[in-house]
Structures are given as structure tokens and as C-alpha cells.
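These notes concern the structure reproduced below.
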Amino acid sequence: MKSSIPVYLETVANAAANCRGKQLASLTSLSDSHVDNILEHNVQPAGLVNIARNKLSFPWDDILLLHVGIIQDRDRGDYQQAYEDQKELVQLFQRAINSYDKWCLPFLYEINKDLRDLAIQADKDLASERNPNRYLEEAANVISKTFTYCITDRSLDKIGTRKWGTYQIISLLFKTYFKLKQQNLCRNVLRAVKASDLFPLERYPKAHRVAYRYYLGRLYFLEEQYIKAEQELSLAFRECSTRNAHNKRLILHYLLPTRIYLGKLPTKRLLNRYKSISSLYLPLVTAIREGNVRAFDMAMESGYTELVNRGTFLTIEKSRSIAIRTLCRRVYAIVNSTRISMDTFKQALEFAGLEVDMEEVECMLAVLIFKGYIKGYLSHEKQFVVLSAKDPFPVPSSIVPT
Amino acid sequence: MSGFQPSYVAVGPKKAKRARIRLGQFETDELDDKSFPADLREYVKSVYQYCLPDKRKFVEAELKSTIQNAIEDASLYSTDWNEVPLPSGCTSKVNPKSTKSKSFNTPKVKNAGIFGIKETATELSKRESRQLRFQSSPKPNTPVSRPKPVKRTLGQGDDDDESNVGVIVGTSTALEKSYLRLTSAADPAMVRPVHILKKTLNLLKKKWRQEENYSYICDQFKSVRQDLTVQRIQNDFTVQVYEIHARIALEKGDLGEYNQCQTQLRELYKKGIPGRENEFIAYRLLYLLYAQNHADINALMRTLTPERKSDPAIAHALMVRSSMATGNYHRFFKLYLQAPNMGGYLMDKFMERERIIALRAICKAFRPMVETSYIIQELALGTQLALFEVLKGHKAFFPVNGGTHLDTKAAMPGLTESTNKYAKVDIKGPLSI
């Protein structure tokens with residue numbers, strides 16, 4: 001154990017000399033247990049300089065000393081100094097990076113991740129009104145450089161190239177851009193990926209694939225390219241380990257609205273697997289499935305805050321048409337005729353708890369026909385709906401919404 | 001290593017053939033052939049000595065190709081093999097026999113480590129400054145207890161009051177003044193103090209109602225705004241000026257000027273200066289609907305407290321939003337007619353677009369024709385003439401029965417074409433992946 005400092009330093013030295021990336025990552029991570037040891041023994045960089053220079057070769061000695069200093073800064077609450085030092089650490093390694101190949105990737109990821117976390121804390125500390133994300137924006141630039149060092153690795157060694165770290169760093173970078181609400185910056189990254197000769201995504205570790213697809217799906221979602229969004233998010237969801245419930249839920253929060261919008265309603269079984277998911281989406285899905293427009297409106301009202309916070313409210317709102325469509329289909333099933341008066345539909349809607357006048361009903365029906373949820377036509381003069389004899393209510397999942 | 005299969009390093013056909021023919025001479029145990037120069041034999045030894053175990057295959061391949069190339073261009077003997085860097089895959093690229101790079105090595109650096117960084121002067125100086133910092137870390141281990149986080153200032157004062165150096169107080173008494181862009185510091189004699197500006201505002205309000213000369217009024221308002229800015233006056237009077245100018249701009253459909261005022265107002269409201277904030281939030285939402293900016297709409301909605309949502313102007317704008325989202329043209333045009341304050345003028349900006357979209361839905365659903373009276377009423381067009389103008393403008397003018405009805409099937413193509421033109425095109429281009 002790292003209860004003694006010389007042992008700790010030697011372990012670091014050995015890890016570096018023997019290319020043990022994962023071990024090095026945890027030895028320099030700010031969330032590892034060695035941090036507590038360092039704090040307990042009040043280890044300061046000043047006291048370590050000689051022994052560090054002795055046991056470690058460049059750049060690991062400086063990295064270690066910076067790391068210890070960062071631990072102390074952070075403990076004191078001086079996040080801004082901790083961030084600056086972590087930035088120096090990352091940049092130092094970036095300058096050295098051309099000598100390191102795949103083995104350093106876990107370490108590389110860890111120091112960038114810590115940089116991001118410290119930046120967020122530093123911004124909270126600074127609490128600037130004019131520039132509330134000053135540190136995180138800068139961190140994004142640093143991480144972006146890390147991304148470049150991965151994707152532009154010219155090594156011919158296909159096993160050892162740093163390119164294997166690209167998608168993991170991209171996910172960290174996207175996470176940062178999303179937090180900064182600068183999702184448009186993701187474009188440049190995607191362009192670089194497209195222009196590069198990275199190995200196919202399927203060859204990368206599963207965890208990297210899931211994270212990348214999640215963010216890609218969210219980007220498509222923002223662009224309202226729902227079919228592509230569904231593809232990426234479904235894949236992410238399927239590949240995400242069931243042990244990682246938190247990530248599964250995160251993905252669902254975007255996958256479900258996308259599917260609902262496309263008319264593919266999730267099963268009760270899926271929804272019930274996650275408590276927070278079912279409480280938010282089950283009432284909605286049930287309302288749509290039953291054609292209960294009023295219940296839909298109420299579910300939207302109660303889920304308003306959370307859905308708006310995630311940015312999915314506007315998308316789900318559009319599936320109100322599907323709820324109305326199902327209501328109309330039930331009317332059709334009861335009346336059992338292809339010629340139905342508009343007044344019948346009005347009564348059905350009022351019975352379901354909505355207050356509507358005749359013109360609004362007429363408008364709703366017109367919109368449903370236009371969107372393709374109802375096949376048929378309207379006569380304004382006769383105030384009638386004439387349904388198509390064949391399949392007047394196509395299955396919602398077959399309709400691509402406009 | 002689980003989860004992926006790296007492909008084999010492929011060598012092209014011609015190269016492989018050549019390699020097989022020539023490299024036949026260089027089997028592993030022949031690599032220190034006596035026909036090699038001495039320094040090359042040392043080089044080969046160094047390579048094997050520093051080769052990382054799992055990289056052996058690559059290192060050998062690179063070594064062979066290096067020697068091969070030297071043979072082919074006859075540089076086998078002329079190359080100083082002591083200075084040739086070791087292949088990547090060795091613990092260090094630095095050739096241990098090299099005499100050149102020694103001067104860069106700091107005495108304490110060990111060879112067994114991986115150097116990496118070019119030991120340039122800048123790198124060394126950075127290292128030295130770090131060293132100084134490490135050695136002087138004096139902080140005790142007791143955490144600094146802070147009731148409020150320490151604010152580290154970045155350059156000048158971060159927010160709040162700009163320094164009061166250079167604020168002038170105007171002395172001009174001229175009520176009216178034309179707007180002139182400032183290229184240098186303002187002359188106090190030309191700037192009106194607040195009490196004069198207040199009189200100016202009243203005058204302008206009267207003149208607007210009487211003359212309705214927009215270019216004159218706009219010009220005058222800009223100069224009032226300038227005087228306020230130059231004197232750094234940011235209070236409820238400033239808000240008033242911007243609000244009135246914004247309303248006038250809306251009435252005239254001048255979105256550019258309206259946007260300028262709106263931007264300023266948002267800053268002023270943020271500072272807590274009172275004004276008709278709800279009215280302008282409603283305008284902002286309507287503007288975003290016009291611009292079809294869903295990201296900002298969502299962001300705006302996120303900031304609305306239940307209190308704000310119940311404000312009549314904001315509630316109206318929210319209902320406009322939801323009716324647009326669900327395609328409910330009936331409610332949309334009703335809301336248009338009921339728009340509070342100057343909202344109707346903003347909605348005018350996208351009235352035609354929404355009418356075409358609604359018309360398209362109507363023509364798809366009502367067959368074989370629909371009463372024009374229905375359209376006129378539902379789309380708040382007012383007169384048959386207005387409807388015919390719109391239809392003509394979009395190649396959808398197909399009257400039946402002298403104009404009481406519209407041939408909906410015939411009108412479809414024109415309407416579809418127009419709606420496609422209205423579809424929002426992101427200038428940056430979609431995510432093309």
C-alpha cells in the first residue's frame with residue numbers, strides 16, 4: 001500500500017517504466033485512495049522534491065510533484081490554483097506525448113477528466129457573472145488538444161497507436177461542450193473524425209462506443225433528426241451494461257422521447273425497470289396508448305419542469321397528435337362506419353374532458369389527415385369525416401412525422 | 001484488450017516481394033554481419049538492448065527497413081550510426097552512443113526513463129520555475145475556512161460598476177438632436193443631461209403620435225440612447241426609453257432596431273432595473289417563434305417561473321408556441337387576433353408563413369373543395385380579396401363556383417413548394433455524418 005511515500009513514488013516509477021497505464025492512472029487520479037494518505041501525512045511538494053527527482057525520471061517527477069500540490073490545493077478549497085496546476089500537468093504531458101503510445105491512454109484520460117472537474121469547481125468559486133464558464137471553456141481547449149494528439153498520432157503501429165483513445169476523449173470533450181451549451185463545437189470534432197482514418201467504432205471498447213453514441217444521439221436529437229437519433233441512442237442503450245443503471249437511465253431520457261415521437265411506444269416492462277423513468281414517462285405513454293388526450297395534457301403539465309430541463313418537452317408535445325389519433329380510432333371502432341359526423345368526434349373529446357368548439361375539432365381532424373395519421377377527407381359543408389375504406393388509421397410507427 | 005481485434009499490418013505486394021528477396025540476406029543472426037561498419041553493429045546492439053519486449057517485432061521490422069534503405073542508397077558507411085535515433089518501440093529514441101544531445105540532458109535525469117519532451121531551453125526553464133514553486137510551498141495543512149469563496153479577479157474588475165473615471169455630465173439644452181456616430185470622446189456641450197432628456201422623451205412621444213415619421217423618430221431615439229450611454233446612465237428612465245423605442249420599432253416592423261433595444265433591455269433587467277419585463281419576455285418568445293429557434297425557445301422556457309408563466313402576455317406567447325407546435329391553426333389565428341401589447345406586430349412577421357402551412361393542411365384534408373369563407377375566417381384574413389392575394393402569391397389560386405370554394409387538390413403543389421421554402425435551413429449546415 002502507499003502508506004509510505006517512497007513506496008508510492010517507487011510504485012509510480014515502476015508503473016511508468018513498465019507501461020502500466022491503468023495503474024498510473026489511479027496513482028495520479030484525484031479520486032483514488034492514495035489522496036487520503038497524502039492528506040493524512042500532510043505531504044507537501046516541497047518535502048518531496050529531492051526524493052521525487054531521485055526516484056522518478058522526467059516528466060514523471062514534475063507530474064508527481066504537481067499532483068501532490070493539486071491535492072493540497074484542492075483540500076484547502078483553492079480550486080482555482082488546483083485547476084491551474086492540473087492544466088500545467090496536462091500540458092506538460094501533452095508536450096511529451098509523442099513518446100507514448102496506447103499504454104498511456106488510461107492515464108491521459110484520467111488527467112483530462114480531473115482537469116474538467118477542477119475547472120467546474122473553479123468556475124463555481126469564481127462565480128463571475130460576465131464569464132461564468134471561464135475555466136471550463138479553457139479546459140475544453142486543453143482537452144481538445146488532447147483529442148488532437150490522439151487522432152493525429154502518425155504511428156504505424158496499429159496495435160499501439162494513440163488513436164485508440166480518441167473516442168474516449170471525444171466523449172469527455174462532448175460532455176464539456178454540452179455543459180457549456182456550445183454543442184455547435186461538436187461539429188468540428190465530428191468533421192475531424194470523418195476526415196480521419198480511425199478504425200471503425202465497433203473495434204473500440206464497448207464503454208467508449210456507448211458514451212460516444214449517446215452524445216451523437218443527443219446531437220441528432222437537437223438537430224431534430226429523430227431517425228438518426230433513435231439509431232444511435234438505441235445502440236447505446238443496448239450496449240450499455242445493465243450494471244450501469246445510471247447511464248441506462250440517462251440514455252432513456254433521450255431515447256424514450258425520440259421513440260414516442262416516432263410512434264414507437266415503449267413497453268410497460270421497460271418503463272417499470274427504472275423508478276424515475278416510469279414515474280415520468282409511464283403516464284404519458286399510457287395516455288397516448290389509450291387515446292386519453294386529457295391525461296396526456298395533465299402528464300405533460302406535471303412533467304413540464306423535468307422535460308424542459310432536459311430539452312425534450314417540445315419533442316414529446318408533438319406526440320399529442322398520436323393521442324388524438326388513437327381517440328379517433330376508438331370512435332371509429334364504436335361507430336363502425338366510414339362516414340362519421342364531426343360532432344361525434346367533438347362529443348368524444350368532450351367526454352374525455354377537453355373543452356373544444358366545433359372549429360377546433362375540425363382543425364384537429366384536418367391536421368391528423370394532413371400528417372397521415374388518418375386516411376380520409378373532410379367535408380366542411382356537411383361537417384362530416386369520410387374515412388378511407390382500407391386502413392383509415394395506420395399504425396403510428398409507420399408514419400414519419402413532419 | 002478485450003472487445004477489439006486489431007488488424008494485421010499489411011505490407012503491399014511489391015514491397016513484400018522485394019523485402020523477401022533482399023531481406024533474405026538479413027536474418028536475425030546476420031544482423032551483426034562483419035561486413036557492417038562497427039558503429040552500425042553498435043547501433044543494432046543498442047536497439048536490441050533498449051527494445052521493449054512486446055515491441056520486438058516492430059522494432060526488428062523498422063531496423064531491417066532502415067538498414068535496407070541505407071544499403072539501397074549506399075549510405076551504409078557514410079551514416080554516423082551513433083547519431084541515428086533508435087526506432088520507436090525502444091524505451092528511448094535517444095541513441096545512447098550519441099554525443100550531440102548530451103548537453104541537453106539535465107544531470108539528474110535517468111536514462112532508463114522515457115524522456116519524450118524535446119529538452120529545449122523553454123522546457124528547461126519551465127522546469128526550473130516549477131522547481132522553485134515546489135520548494136517554496138509554504139501553505140500550512142489547515143484549510144482556509146472561507147465563509148465566501150475567494151474571488152480571484154481576472155484583470156480588471158470582473159462585473160459590477162465600471163470605473164467612474166471619464167464619465168461626463170452633459171450640459172446641452174437642445175431638446176432635439178440628430179444621431180451622429182461617435183468617433184472620439186463626446187463633447188459635454190453636445191450631450192443632454194437627464195432632465196433635458198426627459199423633456200425630449202415627452203416631445204418625441206407627442207411627435208410620434210402626431211406625425212408618425214419613423215425615420216425622424218428613430219434617429220432622435222438613437223441620439224437619446226447615445227446620450228444616456230455616454231453618461232453611463234442606467235436606471236428606470238433608460239429602460240423606459242428603450243422600451244418605447246422598441247415598441248415603436250415593432251409597430252413599424254423594424255426588427256433590427258427592435259432587437260437592439262431588446263438586447264439592451266435584457267442587460268438592464270438583469271441588473272435589477274425595473275421595467276415591463278414580462279411584456280418583453282413575451283416579445284422575445286414570439287420573436288424566437290418567428291426565427292424558429294428551438295434551442296433558445298427551450299432555454300427561455302427553462303427560465304420561466306410559475307409566476308411569469310401566469311403573466312397574461314407571457315401566457316399568450318406560450319399558447320402561441322404550443323398551438324404552432326401541434327399545428328393547431330384554429331387556436332393560432334385566434335391568438336393572433338387577441339395578441340396583447342405590440343405582440344400582433346411581431347406575429348405579423350410570420351403570419352404569411354403560418355397561413356401557408358395551415359392552408360396546406362386544409363387542402364390536404366378537405367376534398368374535393370373547401371369553402372373560402374371557412375379559410376378566411378380560420379386564417380384571420382378578413383376579406384376574400386386578402387385570401388386571393390395570398391393564394392395567387394403561392395400558385396394556389398384555383399377558385400371554384402366563382403370564388404366561393406377552392407379546389408384543394410389543385411392548390412396543393414403550389415402550397416407544398418412554398419412550405420418547403422419556409423423550412424428552416426441551418427446556415428451552418430446539418431450534422432453531416
Side-chain angles (χ1 to χ4, degrees), chain A residues 16-17 42 44-46 49 53 57-60 62 65 69 72 75-77 80 95-100 125-130 134 155 157-159 184 187 190 194 203-206 219-220 222-223 225 308-309 311 314 317-318 320-321 359-360 363 365-367 369-370 377-378 380-381, chain B residues 3-7 9 52 55 58 88-89 93 108-110 112-117 123 127 130-131 134-137 139 141 143-144 146 149-152 154 158-159 294-295 297-298 301-302 322 325-331 360-362 364-367 370-371 374 378 428 430-431 433:
Chain A
N42 189 25
Q44 299 282 347
V49 175
R53 296 249 187 269
S57 57
F58 187 74
W60 303 107
D62 275 12
L65 291 167
Q72 296 292 359
D75 183 61
R76 264 195 327 267
Q80 293 173 63
R95 292 195 296 276
I97 202 169
N98 275 314
S99 281
Y100 300 95
D125 253 13
L126 181 61
S128 152
E129 265 190 35
R130 207 180 288 168
R134 183 246 184 227
S155 162
D157 176 3
K158 286 203 179 176
I159 302 177
N184 51 304
R187 254 177 236 274
L190 292 170
K194 191 170 182 201
R203 299 241 292 258
Y204 281 78
K206 204 189 267 197
L219 284 170
Y220 278 129
L222 278 174
E223 299 246 317
Q225 294 192 55
V308 167
N309 279 336
L314 300 179
E317 191 185 34
K318 294 198 203 277
R320 190 171 190 264
S321 305
E359 287 91 355
E360 188 158 352
C363 169
L365 292 165
V367 171
I369 292 176
F370 169 71
Y377 65 87
L378 302 175
H380 174 68
E381 185 190 15
Chain B
F4 68 99
Q5 286 287 337
S7 64
V9 180
L52 286 170
K55 296 282 173 5
F58 294 104
S88 57
K93 271 193 164 149
K108 296 234 179 91
V109 176
K110 286 197 173 158
I114 297 182
F115 300 142
I117 298 189
E123 196 60 57
R127 206 164 135 75
R130 272 199 294 269
Q131 171 103 348
F134 293 144
Q135 283 169 330
S136 67
S137 47
K139 314 275 170 81
N141 60 341
V144 174
R146 277 189 275 235
V150 165
K151 282 192 184 200
R152 190 164 294 192
L154 315 158
D158 207 62
D159 12 289
H294 301 291
I297 291 174
N298 199 81
M301 282 169 72
R302 224 183 287 197
S322 77
T326 52
N328 190 337
Y329 56 78
H330 174 76
R331 264 224 296 178
R360 190 174 62 147
I362 290 174
K364 178 87 204 283
F366 290 87
R367 296 291 168 92
V370 74
E371 285 77 347
Y374 171 70
E378 285 297 286
K428 283 176 269 177
L431 278 175
I433 311 144

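Convention: sequence-line order gives letters A, B, ...; per-chain numbering from 1.
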Original post:
Out of I369(A), V308(A), V367(A), which one racks up the most heavy-atom pairs below 4.5 Å with chain B?
Top reply: V308(A)
Original post:
With a 4.5 Å limit on heavy-atom distance, are the side chains of F58(A) and E123(B) in contact?
Top reply: yes
**OP:** Can you label the angle between the Y374(B) ring and the H380(A) ring as parallel, tilted or perpendicular, going by 30° and 60°?
**Re:** tilted
Original post:
Nearest 0.5 Å, what's the CD-CD distance between E359(A) and E378(B)?
Top reply: 5.5 Å
**OP:** Identify, with sequence neighbours excluded, every residue that meets salt bridge (Lys or Arg N to Asp or Glu O under 4.0 Å) alongside E360(A).
**Re:** none
**OP:** Heavy-atom distances under 4.5 Å only: say whether R367(B) touches chain A with side chain, backbone, both or neither.
**Re:** both
Subject >> Residue pair V49(A), Q131(B): steps toward the side chain to side chain contact (heavy atoms under 4.5 Å, CB included) verdict >> reply: CA-CA 8 Å; V49(A) 175; Q131(B) 171 103 348; 3.9 Å; yes
Subject >> Non-hydrogen atoms of G327(B) and C363(A) that approach each other most closely >> reply: O-SG, 4.2 Å
**OP:** Over all heavy atoms of both residues, which pair between T326(B) and E317(A) is shortest? Give the atoms and the distance, please.
**Re:** CG2-O, 4.2 Å
Original post:
Between R302(B) and N309(A), is there a donor-acceptor pair closer than 3.5 Å when you use the side chain of the first and the backbone of the second?
Top reply: yes
**OP:** Could you pull out all residues at least two apart from N298(B) that satisfy side chain to side chain donor-acceptor pair (under 3.5 Å)?
**Re:** none
Subject >> chain A contact via A295(B) - which portion, at a heavy-atom distance below 4.5 Å >> reply: neither
Original post:
What distance separates K364(B) NZ from L378(A) CG, expressed to the nearest 0.5 Å?
Top reply: 11.5 Å
Subject >> Residue L222(A) versus chain B: region with a heavy atom under 4.5 Å >> reply: neither
